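For reference, the structure is listed below as structure tokens.
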Amino acid sequence: MKSRILILGACGQIGTELTNALREKYGNHKVIASDIREGEPELMQSGPFEIIDATNYEAIENIVIRYEISEVYLMAAMLSATAEKFPMKGWNLNMNSLFNVLNLAKEKKIEKIFWPSSIAVFGPTTPKQDTPQRTVMEPSTVYGISKQTGERWCEYYNKRYGVDVRSIRYPGIISWQTLPGGGTTDYAIDIYHKALKHKKYICFLNGETTLPMMYMADAIKATIDIMSAPAEQIKNRSSYNLAAISFNPEEIAASIRKQIPKFTISYAPDFRQAIADSWPQSIDDMDARTDWGWQHSYDLDAITDEMINNLKSKYPR
Ligand code: SER
């Protein structure tokens, strides 16, 4: 029976930890990691690894056939801040990679897809507090437009061709293993590195910018949970709102100060402020909790503990 998993974008922030978690769950040889570039040695050595450009249909198809892949996790994407600098490149990567995977499923070459969406699907006209699952969506970034469009196509392929595609709208994801790249929520990771290294941080968002956030372990759990749930529980085939906590830079700084009392933060907002200002401050994720039992575990202080404990050996005092 075909039963192997392919991860596209396995060397990225989420892809790295997702690969490790899936290899632990299903066995190293069952999970094929791939990316357009080489990643950390542990990831490349702990199981099969292939260089794949996610915009190249034939390249993905070859690997799908060669390894008898049944599920694809499409984690390759250009995030919000970088896509503002390279709009067409961001659009092409984010959309073409999705169509490649949707079409492989339409052709019955794979059985199941995970594709992440984002809080970036919302825009300045969306209600900011407890943003509902279904509401006004007028995203103002290239990344947000690509994710919203992608959601529509996922639902279309499910309804029209019966494709089993599952998706969640990730908030900002905080992790210590792999650095993020090119997102607006990246400050909430960089701040821990700078707190340990310099005891101070200059933040590219202002202190009051509240955004929905989540610890990586929770994000990985959500991803594996939605993919493991029986198909009939996945009632939403565009993308589920998903929430854990919300905080602003002042609040994360206060949490860090409980452990590093000398830590100071100052503010120099740049173009990413406008992106953050267009996004929700908190998310209503009741559908995910009801349909497939989503629950988060980590609050802000628990995240701070994890981040500082895991990063401190990198920055000896
Ligand atoms: N974390 C992402 C970003 O900031 C949002 O999905 O672009």
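Along the sequence shown, residues carry numbers from 1. Order of appearance sets the numbers: ligands from 1, and atoms from 1 within every ligand. This structure is a prediction, so every number in the text was calculated from the model and none was measured.
- Evaluation of the ring pair (Phe, Tyr, Trp, His ring centres under 6.0 Å) test over residues 23-48, restricted to residues two or more places apart or in two chains, returns none.
- When the shell of 6.0 Å around NZ of K235 is examined, it contains more than 12 heavy atoms from other residues, nucleotides or ligands.
- R166 forms no cation-pi arrangement with F114, by the criterion of a distance under 6.0 Å to the ring centre and an angle within 45° of the ring axis.
- In this pair, H296 and W294 present their aromatic rings tilted. The plane angle is within the 30 to 60° band.
- Although no hydrogens or angles enter the test, the distance criterion places no donor-acceptor pair under 3.5 Å between the side chain of D287 and the main chain of N241.
- Aromatic ring pairs are classed by plane angle as parallel below 30°, tilted from 30° to 60° and perpendicular above 60°; the pair Y187 and F204 is perpendicular.
- Residues of the protein with a heavy atom under 4.0 Å from ligand 1 are L79, S80, S118, Y143, G183, T184, T185, W279, listed by chain and number.
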